[in-house]
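Working notes, beginning with the structure itself.
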Amino acid sequence: MSARDTVSPIASSVAARAFIKALRSLALLRESKIAIAGIALVGFWVIVALLAPLVAPFPPNAQIQPFAAPLAAAPDGGIFLLGTDQLGRDILSRVMWGARTVLFFAPLATLSAYTVGIVMGLAAGYFGGWVDDVLSRVSDIILSFPVLVLYILIIATIGASGINIIIAVTFASAPGVMRIVRGLVLDLRTRNYVAAAQTRGENPWYIMLIEILPNARGPLIVDGCLRIGYVIITIGVLGFLGLGLPPPDPDWGGMINEARALALAFPHMTIIPCIAISTLVLGFNLLADGIREVSLHD
Amino acid sequence: MLLFISKRFGLMVLTMLIVSLLLFVLLELQPGNVATKVLGPYSSEEQRTLWLEANGYLKPLWTRYLSWLGGMVTGDFGESIRFKTPVADILWPRLWNSAILAFWTFAILVPLSLTLGVLAGMREGSALDRAISITSIITTSVPEFASAVFLSAIFVFSLGLLPGTSGMTDGFDPLQLFLPVMVLILYDVGYVTRMTRASMAEVMTTPYIRTAVLKGLPFRRVVFRHALRNALIAPFTVIMLQVNWLLSGVIVVEFFFAYKGFGGLLLEASLNQDIFLIEACTMVAVFVAVSTQTLADIGYTYLNPRIRLS
């Protein structure tokens, strides 16, 4: 009973301290030009995604006038700033709504992969023994697949949908996260504060989640930024291969796939979503690099 | 060392066995599904039962798995549903085409990224280092399909220099290899460069390099004779493991440029539920990936005298 009572104040003060620390390190990021460039790119797309319903000039699925070039005038007023696609849908509006799709699914899928990977890594690193053996062998086997082969197999078997993309990403990425967490835990579990918690008789999962995990956050945040970038690329690749989210809702990879056959006649249809996805991934990669740079200075 | 190599090979065989079992269970657990895929959705119940009987599908799961595994090992992969020919007849020529693609990619990628990485890591923090590092972040951020679109727009649409597809319909044409190889290199070069740079930068801070510099050796000699030997061990592993990424990239690139290679075949097989072709392609892909991982491990141990002689 007494152990229970002490959990919540300690947990909340740990959370509060972590929050203050996070704010302070966010302020530290100002020192890195790379991090600022990354934040600007990611921030741009987040704002576009949030404001898409307000600022998109046309409804994303409205078929207005096919094959319009960039800057062409729309039939009933307005301008197709970036042209239209083969079905006459405004590309600018579709790119804006597509940002919502990717910025919804990519972080969600990454979060899901992290949750599974962290639990696996904590257990493998903390308990060791047969738990570690089993979890490590399982992830070795998953990681021995070429990534895209694994995605194609999974999606071709369970079908293409938002949920299934999240499942596939979790399945394919959790082992990578697990390896990192396991490595960090193997080091952290030898610390005195872990021994102290063990002597207090804390629950193993309390020790893993409250004592160990917060101290492993640095490398995990950097890896998380890189991994969101990979997941964005993955979602784009699946869309491009025709295994992504079902049409007609806008999705950058899917836009490229649909316009691919016409790419040589109307290059703007494929180039624009490609620029969108590349800048968003670049944003996350720069951010990861910036955070790493700043954390090395500490 | 010999014990380590045989252990590593044993692990490789074990991994392949488990992967094959998983694949078999995933695709062939229910014989009824296999029959439907092979004979088509409009086949009658009777036809399917006859087919199952004729092909040994009514035997227990283990017997089926073992005979399937025997076929895999001896190169008898069954018949493709879509192409109506033995899988082996399509698989090997396609694999050869992808090998050509991979050969040229590596032939350019390895010297290019090692040079850039060594140049950047040689003087950490220099203007050249920063320029190379930023460029490699940018190139790794552009997915293969996007750089394929960008390069096609430049070289095919604007300049009209290169063909936009690489179907090789009129015999082998080296010009058609240009864009696929360029796309693959562009995506991978940044990563290998960064890894080489990190390894080189680390070696350059070690005491024995400082000694070499302080005793007045020319910088060129310090880099070539002293630093490179240690700095190139880590990139060796990175390059070997890059094969795994290349296999993914090859699927995208072959699909984009309609190149008749292994990656395109795997994708086509999966989209058409061509079950025996999927199995063969997956096993080949995993074999390539696992054997390069094994070679990377063995090579790393061999190259690093601190591990080899301990």
Side-chain angles (χ1 to χ4, degrees), chain A residues 33-34 37-38 41 137-138 140-157 226 229-230 232-234 236-237 239-243 252-253 256-257 259-260 263-286 288-289, chain B residues 11-12 14-16 18-19 22-23 26-27 130 133-134 137-150 152-154 156-158 164-165 187 190 194 243-252 255-256 263 266-267 269-273 278 281-282 284-290 293:
Chain A
K33 280 181 198 145
I34 292 180
L41 281 173
R137 282 300 88 74
V138 169
D140 280 350
I141 291 188
I142 296 175
L143 289 173
S144 68
F145 277 89
V147 206
L148 193 51
V149 174
L150 198 56
Y151 282 120
I152 291 176
L153 274 180
I154 297 176
I155 297 288
T157 311
L226 290 176
Y230 282 134
I232 293 169
I233 292 184
T234 302
V237 168
F240 166 73
L241 295 177
L243 294 166
W252 292 345
I256 300 163
N257 180 40
R260 202 171 57 93
L264 291 179
F266 303 96
H268 69 273
M269 289 184 198
T270 47
I271 288 180
I272 291 157
C274 282
I275 293 177
I277 198 165
S278 304
T279 47
L280 181 58
V281 176
L282 180 63
F284 279 109
N285 285 350
L286 290 175
D289 213 57
Chain B
L11 199 62
M12 174 179 156
L14 191 67
T15 310
M16 292 294 301
I18 297 174
V19 168
L22 287 177
L23 194 67
L26 181 72
L27 294 172
R130 293 198 73 84
S133 297
I134 297 276
I137 296 185
I138 295 176
T139 56
T140 35
S141 303
V142 182
E144 281 111 345
F145 60 84
S147 53
V149 164
F150 295 144
S152 302
I154 299 171
V156 184
F157 184 75
S158 306
T165 56
Y187 185 67
R194 281 167 75 84
V243 172
N244 203 333
W245 285 102
L246 193 73
L247 277 169
S248 298
V250 156
I251 298 176
V252 173
F255 176 64
F256 189 95
L266 196 157
L267 182 67
S270 302
L271 293 178
N272 293 307
Q273 299 280 311
I278 301 178
C281 287
T282 311
V284 169
V286 175
F287 175 74
V288 172
V290 175
Q293 280 160 16

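Chain letters run A, B, ... following the sequence lines, proteins first and then strands; every chain starts at 1.
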One should read off an interatomic distance between A:Tyr151 OH and B:Ile251 CD1, to the nearest 0.5 angstrom, of 12.5 Å

Would you indicate whether the side-chain heavy atoms of B:Arg194 and A:Asp289 approach each other to under 4.5 Å?
yes

Are any non-hydrogen side-chain atoms of B:Phe150 and A:Ser278 less than 4.5 angstrom apart?
yes

Taking C-beta and beyond as the side chain, do A:Val149 and B:Val286 meet within less than 4.5 Å on heavy atoms?
no

Residue part contacting chain A, namely of B:Phe287, when any heavy atom lies under 4.5 Å:
neither

Structural part of B:Leu246 lying under 4.5 Å from a heavy atom of chain A:
neither

Does any heavy atom of chain A fall under 4.5 Å from the side chain of B:Phe145, the backbone, both, or neither of them?
both

With side chains defined as the heavy atoms from C-beta onward, is the minimum distance between A:Leu153 and B:Leu23 less than 4.5 Å?
yes

Rounded to the nearest 0.5 angstrom, the OG-CD1 distance for B:Ser133 and A:Ile34 is 7.5 Å

For each of A:Ile275, A:Leu282, A:Leu286, A:Thr270, tally heavy-atom pairs with chain B at distances under 4.5 Å, and name the one with the top tally.
A:Leu282

May I ask you to test the B:Leu247-A:Leu148 pair for a side-chain heavy-atom distance under 4.5 Å?
no

In terms of heavy-atom proximity below 4.5 Å to chain A, should B:Gln273 be classed as side chain, backbone, both, or neither?
side chain

Contact summary for A:Phe145 and B:Val19, nearest pair of heavy atoms:
CZ-CG1, 3.6 Å

Bottom line for B:Ile134: the part with an atom under 4.5 Å from chain A's heavy atoms is side chain

Could you look at A:Ile233 and say if it's the side chain, the backbone, both or neither that has a heavy atom under 4.5 Å from chain B?
both

Does any part of the side chain of B:Thr15, heavy atoms only, come nearer than 4.5 Å to the side chain of A:Asp140, both counted from C-beta?
no

Looking only at heavy atoms and a cut-off of under 4.5 Å, which of B:Ala269, B:Ala285, B:Ser152 has the most pairs with chain A?
B:Ala285

With only heavy atoms counted, which part of B:Ile278 is less than 4.5 Å from chain A, the side chain, the backbone, both or neither?
side chain

At a 4.5 Å cut-off on heavy atoms, which part of A:Phe284 comes close to chain B: side chain, backbone, both, or neither?
neither

So, the part of B:Val142 with a heavy atom under 4.5 Å from chain A: the answer is both

Atom pair CG (A:Asn257) and CZ (B:Phe255), whose distance is rounded to the nearest 0.5 Å:
5.5 Å

Specify which of B:Thr140, B:Leu266, B:Thr282, B:Val290 makes the most heavy-atom pairs with chain A at under 4.5 Å.
B:Thr282

